[in-house]
Student: 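I have a structure here, written as structure tokens, and I will follow up with some questions on it.
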Amino acid sequence: MYILNYDCITAAGDGVFKLMEALNSGRDCSKPGAPMGRICQIENLERSKETAQVSLKSY
Amino acid sequence: MTKLWKNLALGFENDIHELLQQQTPKSRVALVFSSTKGVIEDTIWKATKNNIRELEDPFQCVIDDFCEEHPNFSWEPRCNVSNACASAHVACEYIQTLFAQDRADFAVLISADLVGPFVTKGFASLKIISPTSNRPFSADRDGLQLGEAASMVLFARKRPSRPAPIRLSRVASHTEGTSITRPSMNGDGLVSALTQLSSQTQVSPDLVIAHGTGTHFNDLAEELAFQNFLTNISRERIPITNTKWCIGHTLGASGSIDLIAACEILRTQRVFRIQNTQVVDPKFRMNYLTARSEITNSPSRNQNGQKQFRQILVTSLGFGGVDA
């Protein structure tokens, strides 16, 4: 089968270019956030922030 | 999540529409969604108070919402594949089956996962979240870091007319059931999946994008599987890289993200390192691209003048003992 197109949103940003830019430049996109360590969250997604807060409170 | 999908879908809708116009008007487009638990946290918490069997299937709601947002296509068949961290790989395998059975002409794979309390607590209870940073295959690796992602990949059953499409040669998976939360320690499960793969297509990778969570068990299992399988095909020096050190372990989306990264490497002929890893575990023999590895920033070619990266192997391992 054949791959015609693709797109993604990751902690590196919106789009494949941002992902590859982070990988090629050696950028670790994690930030302090998880109770035990770091987390790679999607930016500008309100739910992510809420989730992180809930996650922290629940500990 | 719907908002996230909508943003992603905007970039795809025109492309899908254009393709369908080029094909027969009756082109069938399958919709496959892959995720673990991150996008259904609300349902999980409700289920702690109610009988889960009485709750509406959350994945079905998500799929229905998506179909309503994009009414131009019939979206048949449509389903969710949730097979732990190998969900995306297994979803690709399902699409492969749909194409083989002539049940679809195109397929859209949507993969997504978010990090919430259920996911965090689950991994924390296993003590496999790194308190420092994610260093896959390193001697001092101390666990994974969780990540969020959403992705879409559009597949076609037949070779399209556009130049140089990327071909997904084959997907194979194997369920070993060794343990609920770790792979077989000797890598046998992944070897079985790779052996199955090589029985169906020629496997001669120029690069491996490994699952590489950075946990003791996962990385050991992959190392042993690669030692076993790649040595058998006389390619012990195949470079191995991965993406989780950069964007975290995106669970049900990780296989799709790695697939996208593989496509980009094939397109640009540029590879990336496992940047957080300085020194590979001394017990490991495979050729991991660490921060100290020399790589070229320009498109590279091999000794025969061919593109250096023509085939890339992407692996995934998941809870329940699934290897793909």
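Scope of the values below: all heavy atoms of this structure, side chains included, with no hydrogens, waters or symmetry mates. Chain identifiers are assigned alphabetically (A, B, ...) following the order of the sequence lines, protein sequences preceding nucleic acid strands; residue numbering begins at 1 within each chain. Since this is a predicted model, take the numbers as computed values, not measurements.
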Student: Show the nearest heavy-atom pair for residues B:Val271 and A:Asn24, with the distance to one decimal.
Tutor: O-OD1, 3.9 Å
Student: Which is it for B:Ile257 and A:Leu19 under the side-chain contact (heavy atoms from CB on, under 4.5 Å) test, yes or no, and what are the steps along the way?
Tutor: CA-CA 9 Å; B:Ile257 298 294; A:Leu19 169 68; 4.0 Å; yes
Student: At a heavy-atom separation under 4.5 Å, does B:Phe99 approach chain A through its side chain, its backbone, both, or neither?
Tutor: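 Only the side chain of B:Phe99 comes within 4.5 Å of chain A.
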Student: Could you grab the distance from atom SG of A:Cys8 to atom CE of B:Met152, nearest 0.5 Å is fine?
Tutor: 12.0 Å
Student: On a heavy-atom basis, which atom in B:Ile260 and which in A:Asp7 lie closest, and how many Å separate them?
Tutor: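 Shortest heavy-atom contact: CD1-O, 3.6 Å.
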Student: Any side-chain heavy atom of B:Phe106 within less than 4.5 Å of one from A:Leu4?
Tutor: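 They are in contact (side-chain heavy atoms under 4.5 Å apart), so the answer is yes.
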Student: Please state whether the side chain, the backbone, both or neither of B:Arg159 comes within less than 4.5 Å of a heavy atom of chain A.
Tutor: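 Contact with chain A is through both the backbone and side chain of B:Arg159.
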Student: What pair of heavy atoms forms the shortest contact from A:Tyr2 to B:Arg157, and how long is it?
Tutor: CD1-O, 4.1 Å
Student: Kindly determine whether A:Ser30 and B:Asn134 satisfy side-chain contact (heavy atoms from CB on, under 4.5 Å), including the steps that lead there.
Tutor: CA-CA 9 Å; A:Ser30 66; B:Asn134 184 234; over 6 Å; no
Student: For B:Thr243, is it the side chain, the backbone, both, or neither that has a heavy atom closer than 4.5 Å to a heavy atom of chain A?
Tutor: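 Both backbone and side chain of B:Thr243 come within 4.5 Å of chain A.
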Student: With a 4.5 angstrom heavy-atom cut-off, which part of B:Leu259 approaches chain A: side chain, backbone, both or neither?
Tutor: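 Looking at B:Leu259, just its side chain touches chain A.
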Student: State, to 0.1 Å, how close A:Met1 and B:Val171 come at their nearest heavy-atom pair, and which atoms those are.
Tutor: CE-CG2, 4.2 Å
Student: Can you tell which part of B:Thr241 gets under 4.5 Å to a heavy atom of chain A, answering side chain, backbone, both or neither?
Tutor: neither
Student: Could I get the full list of salt bridge (charged side-chain N to carboxylate O under 4.0 Å, His left out) partners for B:Arg267, not counting sequence neighbours?
Tutor: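 Listed in chain order: B:Glu264.
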Student: Below 4.5 Å, heavy-atom pairs only: which of A:Ala11, A:Ser25, A:Ala12, A:Cys29 has the largest tally toward chain B?
Tutor: A:Cys29
Student: Does any N or O in the side chain of B:Gln145 come within less than 3.5 Å of the main-chain N or O of A:Arg38, such that one atom is a donor and the other an acceptor?
Tutor: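 Judged by distance alone, no pair lies under 3.5 Å.
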Student: Considering residues at least two apart in sequence or located in another chain, which fulfil the salt bridge (charged side-chain N to carboxylate O under 4.0 Å, His left out) criterion with B:Asp142?
Tutor: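 Result, salt bridge (charged side-chain N to carboxylate O under 4.0 Å, His left out) vs B:Asp142: B:Arg135.
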Student: Within the structure provided, determine whether A:Leu23 and B:Trp245 are in side-chain contact (heavy-atom separation under 4.5 Å).
Tutor: yes
Student: Between B:Cys246 and A:Ala22, which heavy-atom pair has the shortest distance, and what is it?
Tutor: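 Scanning both residues, the minimum pair turns out to be SG-CB, 3.6 Å.
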Student: Which of the residues B:Ala253, B:Ala291, B:Ala261, B:Cys263 is involved in the greatest number of heavy-atom pairs with chain A at under 4.5 angstrom?
Tutor: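 The option with the most such pairs is B:Cys263.
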